[in-house]
Amino acid sequence: QVQLVESGGGLVQAGGSLRLSCAASGRTFSGYRMAWFRQAPGKEREFVSAINWSSLSAYYADSVKGRFTITRDNAKNTMYLQKTSLKPGNTAVYYCAAGRLLRLRVPSDYDYWGQGTQVAVSS
């Protein structure tokens, strides 16, 4: 069974840091683009960041540039999102996703999704 499983969410004070992980199983994601999306209460799911297989290309939403860093370790079949300088507005459920033929910021174009991990930032 192909699965993506997020972990690393939790409560953090504003200005703090978290590292989210997305562990893939059931197959290797060779050639896949992987991405992070988030969804806050009452809001649509929105793009956060994406990275290609080689890690040569990374993409970020304007709101997180300079604060979040996306990486992947293909030997471990795992993707990460290092989140620093967290703000209360970053509170959301964060989802990892993977796909091959897709538009970067369109959730419906991705083939696989994790169940999400909750991040709550307090002031």
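The chain is numbered in sequence order, starting from 1.
- Ser17 and Gln82 get closest at one heavy-atom pair: CB-NE2, 4.1 Å.
- The shortest distance between side-chain heavy atoms of Leu86 and Gln13 does not fall below 4.5 Å.
- Taking every heavy atom of both residues into account, Gly116 and Val93 meet most closely at CA-CG1, 3.8 Å.
- The nearest pair of heavy atoms linking Thr78 to Ala23 is OG1-CA, 4.1 Å.
- Cation-pi check for Arg19 over Tyr80 is met; the charged atom lies under 6.0 angstrom from the ring centroid and within 45 degrees of its normal.
- Between Arg67 and Ser85, the shortest heavy-atom distance links the atoms NH1-O, 3.0 Å.
- Interatomic distance, CE of Met79 versus OG of Ser49, reported as 8.0 Å (0.5 Å rounding).
- With hydrophobic clusters built from ILVMFWY side chains whose heavy atoms lie under 4.5 angstrom apart, Trp53 does not share a cluster with Ile70.
- The cluster map of Ile, Leu, Val, Met, Phe, Trp and Tyr, joined by side-chain heavy atoms under 4.5 Å apart, puts Leu81 and Ile51 in the same cluster.
- For the pair Arg38 and Val64, the minimum side-chain heavy-atom distance is below 4.5 Å.
- Side-chain contact between Phe68 and Trp36 is absent, with no heavy atoms from C-beta onward closer than 4.5 Å.
- Annotation: side chain of Val2 is in contact with side chain of Phe29 (closest heavy-atom distance under 4.5 Å).
- With hydrophobic clusters built from ILVMFWY side chains whose heavy atoms lie under 4.5 angstrom apart, Tyr112 does not share a cluster with Tyr95.
- A donor-acceptor pair is defined here as one N or O able to donate and one able to accept, closer than 3.5 Å; such a pair exists between the side chain of Thr117 and the backbone of Gly9.
- For the pair Tyr94/Glu6, no side-chain contact is recorded, criterion being any heavy-atom separation below 4.5 Å from C-beta on.
- With rounding to the nearest 0.5 Å, the separation of CG in Asn74 from OG in Ser30 is 8.0 Å.
- Taking the side chain as every heavy atom from C-beta outward, Leu104 and Arg33 approach each other to under 4.5 Å.
- Put simply, the side chain of Lys83 reaches to within 4.5 Å of the side chain of Leu20, judged on heavy atoms.
- Separation of the Tyr59 and Phe47 ring centroids does not fall under the 6.0 Å cut-off.
- Using a 4.5 Å heavy-atom cutoff, the side chains of Val119 and Asn90 are not in contact.
- Under the 4.5 Å side-chain heavy-atom criterion for ILVMFWY residues, a single connected hydrophobic cluster contains both Val48 and Leu4.
- Closest approach of Pro88 to Ser123, counting heavy atoms only: CG-CB, 4.1 Å.
- Side-chain atoms of Thr91 come within 3.5 Å of backbone atoms of Val121 as a donor-acceptor pair (strictly under, hydrogens ignored).
- When all heavy atoms of Ala97 and Tyr110 are compared, the pair lying nearest together is CB-CD2, 3.7 Å.
- A side-chain donor-acceptor contact under 3.5 Å links Arg27 and Tyr32.
- By the criterion of side-chain heavy atoms lying less than 4.5 angstrom apart, applied directly or through intervening Ile, Leu, Val, Met, Phe, Trp or Tyr residues, Leu18 is grouped together with Tyr60 in one hydrophobic cluster.
- Checking side-chain atoms of Arg72 against main-chain N and O of Asn52 turns up a donor-acceptor pair under 3.5 Å.
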